[in-house]
Amino acid sequence: MKNRMGMLPRLLCLILVLSALMTAFVGCSKESEVPDGYQYATCRGEYFRLFLPTQWTVNTAGGVSGGYISLATETIVTMAQVEFDLAMVDTEGEKTATESATGESTTAEAVTASLEDFYACHLSEVSRMRDYELERQFDTTLGGVRAKEVYYGASVGEKSYRYRQVLTKAQGRFYLFTFSSTADTFDTWLDVVDGILDNVIFEAYPYEGGEDDRKIPDNEEYALNGMQLVSNREVAYAFYAPESWIADKTNAAYLVYASEEDRSNVTMLSYLPEDEGYSVADYWEYCEKYYRSTLDGYTLLSTAEGKLGNRNATIYEYTYTLGGVTYKTRQACCVYSTMIYIMTYTALPENYDKHLGEVQTMQESLTFWRDMK
């Protein structure tokens, strides 16, 4: 059972960061030693290493590191980097003021967010869950770094769940570890979760996956003329982009951009909803509320039906302003299996039409592995 409140803001923040056409980073990597009896459960590009027992099923397809003991028990562990700054704290849209060391009031944008800020904001969010009940909270460590730990219960649908979460700030990044299970099985797995937490480590270089993961499938049957395969078998789809575009595989999403000078970019992401029957319309309703409250000048330009691969998709075009710069964006969203898949194209208005044909080709060429004959 995924916590939509935890996952979706991270997904949206990632989209916004990529939309700002940020310069891609380049990292070196090496293999970390896997503890005996454990396996990697870490998404490519993360600056931490999460390991799960070999009896567990790893699931990183949704862009969040983690896995589960079994779907029947609904016992799940996830860990993710969370985009957070003090400007997010005030949900009314006003800037949060803080007293500086000199006693002067300053806006949140000028203050570096602390672990305590992150924890207080997170606790405020989860306390809105139905039947929320705080059990205990205390200081701890995660991967040798100071952390906050909290236990609480809440209801989702007709079921009662319990949660154990650890929040930390390592190397300037904020992280959230979550263990969740049904209320009646929660205590059964606490010792196992202790072992998982004991083996979390943070690194100065991003995780690149195992040897098999590094070998991106190169099947000539599905090779497209003038296109490169950007994604790998960690996800449920093959994402192709023009060979002339630059691929950045170090992010928590598959990202390509037109050139070093023209940062028009396309990202491919997936989202695992909490509820069965979750539709693209449900996803967009939630996203648009976030956009309207967060993005200056957000304006929906058009909504149309189209395709993402061979799946029926809804295509949304909109504009917004971020950091004083106006962007134009196109999102193609579809449902495949139990997940929502989103291809996002963002460009400066003057560059938008120039790449639209290539973007449409990327949409059409997306292929879900199960559909390959």
Suppose we screen for salt bridge (Lys or Arg N to Asp or Glu O under 4.0 Å). Which residues come up paired with Lys307, at least two apart in sequence or across chains? none
Closest approach of Asp262 and Ala258, non-hydrogen atoms and distance? O-CB, 3.5 Å
Are Leu167 and Tyr132 connected in a single hydrophobic cluster, I mean Ile/Leu/Val/Met/Phe/Trp/Tyr linked by side-chain heavy atoms less than 4.5 Å apart? yes
Result for ring-ring contact (aromatic ring centres under 6.0 Å, His included) between Phe174 and one of Phe118, Tyr119, Phe48 points to Phe118
Is there a donor-acceptor pair closer than 3.5 Å between any side-chain N or O of Ser293 and the backbone N or O of Lys289? yes
Same cluster for Val58 and Ile196 if Ile/Leu/Val/Met/Phe/Trp/Tyr side chains link at under 4.5 Å? no
Using modelled atom types and a 3.5 Å cut-off, is there a donor and acceptor pairing between side-chain atoms of Ser65 and backbone atoms of Cys43? yes
For the atom pair OG1 (Thr344) and OH (Tyr316), what is the distance rounded to the nearest 0.5 Å? 12.0 Å
Test log, rule side-chain contact (heavy atoms from CB on, under 4.5 Å), inputs Met227 and Ser365: CA-CA 9 Å; Met227 303 286 280; Ser365 64; 3.6 Å; yes
To check you understand the geometry: which heavy-atom pair defines the closest contact between Ile342 and Cys333, and what is its length? CG2-SG, 4.0 Å
Just by distance, no angles: are the side chains of Ser155 and Asp131 close enough, under 3.5 Å, to form a donor-acceptor pair? yes
So, taking the atom named CG in Leu197 and the one named OG1 in Thr140, what distance separates them when rounded to the nearest 0.5 Å? 8.0 Å
Partner residues of Leu356 under the side-chain contact (heavy atoms from CB on, under 4.5 Å) criterion, sequence neighbours left out: Arg330, Tyr345, Tyr352, Asp353, Gln360
Contact check, side chains of Arg49 and Val200, non-hydrogen atoms, under 4.5 Å: no
Of all residues at least two apart in sequence or in a different chain, which pass the side-chain contact (heavy atoms from CB on, under 4.5 Å) check with Ala183? Ser160, Arg162
Joint hydrophobic cluster, Val156 plus Leu134, side-chain heavy atoms closer than 4.5 Å: yes
Going by distance alone, is a donor N or O of one side chain under 3.5 Å from an acceptor N or O of the other, for Trp284 and Gln331? no
Any side-chain heavy atom of Tyr240 within less than 4.5 Å of one from Thr367? yes
Are side-chain heavy atoms of Arg173 and Val82 found at a separation under 4.5 Å? no
Under 3.5 Å, is there a donor-acceptor pair linking the side chains of Tyr152 and Gln165? yes
Centroid separation under 6.0 Å, is that true for the rings of Tyr47 and Phe202? no
Mind checking whether Phe84 and Cys121 have side chains closer than 4.5 Å, heavy atoms only? yes
Rounded to the nearest 0.5 Å, what separation is found between the OH atom of Tyr40 and the OG1 atom of Thr60? 13.5 Å
State whether Phe368 and Arg311 meet the cation-pi test: NZ (Lys) or CZ (Arg) under 6.0 Å from the six-membered ring centroid, and within 45° of the perpendicular axis. yes
Go through it in stages, so that I can follow the logic: the residues are Thr185 and Thr188, the test is side chain to side chain donor-acceptor pair (under 3.5 Å), and I'd like the CA-CA distance, side-chain angles, deciding distance and then a yes or no. CA-CA 5 Å; Thr185 61; Thr188 305; 5.9 Å; no
Judged by atom type as modelled, is there a donor-acceptor pair below 3.5 Å linking the side chain of Ser124 to the main-chain atoms of Ala120? no
Between Arg146 and Asp139, is there a salt bridge with N-O shorter than 4.0 Å? no
Could you pull out the closest heavy-atom pair between Thr182 and Asp184, with the gap in Å? OG1-OD1, 2.8 Å
pair Met268-Leu255: side-chain heavy atoms closer than 4.5 Å: no
Which heavy-atom pair separates Gln39 from Pro53 by the least distance, and what is that distance? NE2-O, 2.9 Å
Could you list the residues that satisfy salt bridge (Lys or Arg N to Asp or Glu O under 4.0 Å) with Lys169, not counting sequence neighbours? none
Might you work through the ring pair (Phe, Tyr, Trp, His ring centres under 6.0 Å) test for Tyr151 and Tyr163, ending with a clear yes or no? CA-CA 6 Å; Tyr151 287 67; Tyr163 299 85; over 10 Å; no
Examine distances only and state if a side-chain atom of Thr294 and a backbone atom of Tyr291 form a donor-acceptor pair shorter than 3.5 Å. no
With Asp282, which residues qualify under salt bridge (Lys or Arg N to Asp or Glu O under 4.0 Å), at least two apart? none
Rounded to the nearest 0.5 Å, how far does CG of Leu366 lie from OH of Tyr336? 10.5 Å
Taking a hydrophobic cluster as the set of Ile, Leu, Val, Met, Phe, Trp and Tyr residues connected by side-chain heavy atoms closer than 4.5 Å, whether directly or through intermediates, do Tyr327 and Ile315 fall within one such cluster? no
Considering residues at least two apart in sequence or located in another chain, which fulfil the salt bridge (Lys or Arg N to Asp or Glu O under 4.0 Å) criterion with Glu149? Arg164
Mind listing the closest non-hydrogen atom pair of Ala147 and Val166 along with its distance? CB-CG1, 3.8 Å
Check: Asp117 side chain, Leu115 main-chain N or O, donor-acceptor pair, under 3.5 Å: no
Taking it one step at a time, do Tyr38 and Thr54 satisfy side-chain contact (heavy atoms from CB on, under 4.5 Å)? CA-CA 5 Å; Tyr38 286 83; Thr54 53; 5.6 Å; no
Determine whether the side chains of Glu358 and His355 contain a donor N or O and an acceptor N or O closer than 3.5 Å. yes
With side chains defined as the heavy atoms from C-beta onward, is the minimum distance between Val266 and Trp245 less than 4.5 Å? yes
So, the side chain of Ser231 versus the backbone of Phe239: is there a donor-acceptor pair under 3.5 Å, distance only? yes
Ring pair (Phe, Tyr, Trp, His ring centres under 6.0 Å) for Phe186 and Tyr161? Distances and angles first, verdict last. CA-CA 8 Å; Phe186 182 84; Tyr161 294 87; over 10 Å; no
Pair Arg263 + Glu260: basic N to acidic O under 4.0 Å: yes
Distance in Å, Tyr318 OH paired with Thr299 OG1, rounded so as to fall on 0.5 Å steps: 12.0 Å
Going by heavy atoms in the side chains, are Glu288 and Tyr290 under 4.5 Å from each other? no
Count the heavy atoms belonging to other residues, nucleotides or ligands that lie under 6.0 Å from CD of Gln171, then report whether that count exceeds 12. yes
Under 3.5 Å: donor-acceptor pair, side chain of Gln228, backbone of Pro242: yes
Contact summary for Lys328 and Thr319, nearest pair of heavy atoms: CG-CG2, 4.0 Å
Between Tyr68 and Trp56, is the ring centre distance below 6.0 Å? no
Aromatic ring proximity Tyr283/Tyr278, centre distance under 6.0 Å: no
When hydrophobic residues are tied together by side-chain contacts of less than 4.5 Å, even through go-betweens, does Val359 share a cluster with Leu301? no
About how many Å separate CD1 of Ile76 and CD1 of Ile69, when rounded to the nearest 0.5 Å? 11.5 Å
Within-4.5 Å side-chain heavy-atom neighbours: Thr329 and Tyr320: yes
Are any side-chain N or O atoms of Thr42 and backbone N or O atoms of Leu50, one a donor and one an acceptor, separated by less than 3.5 Å? yes
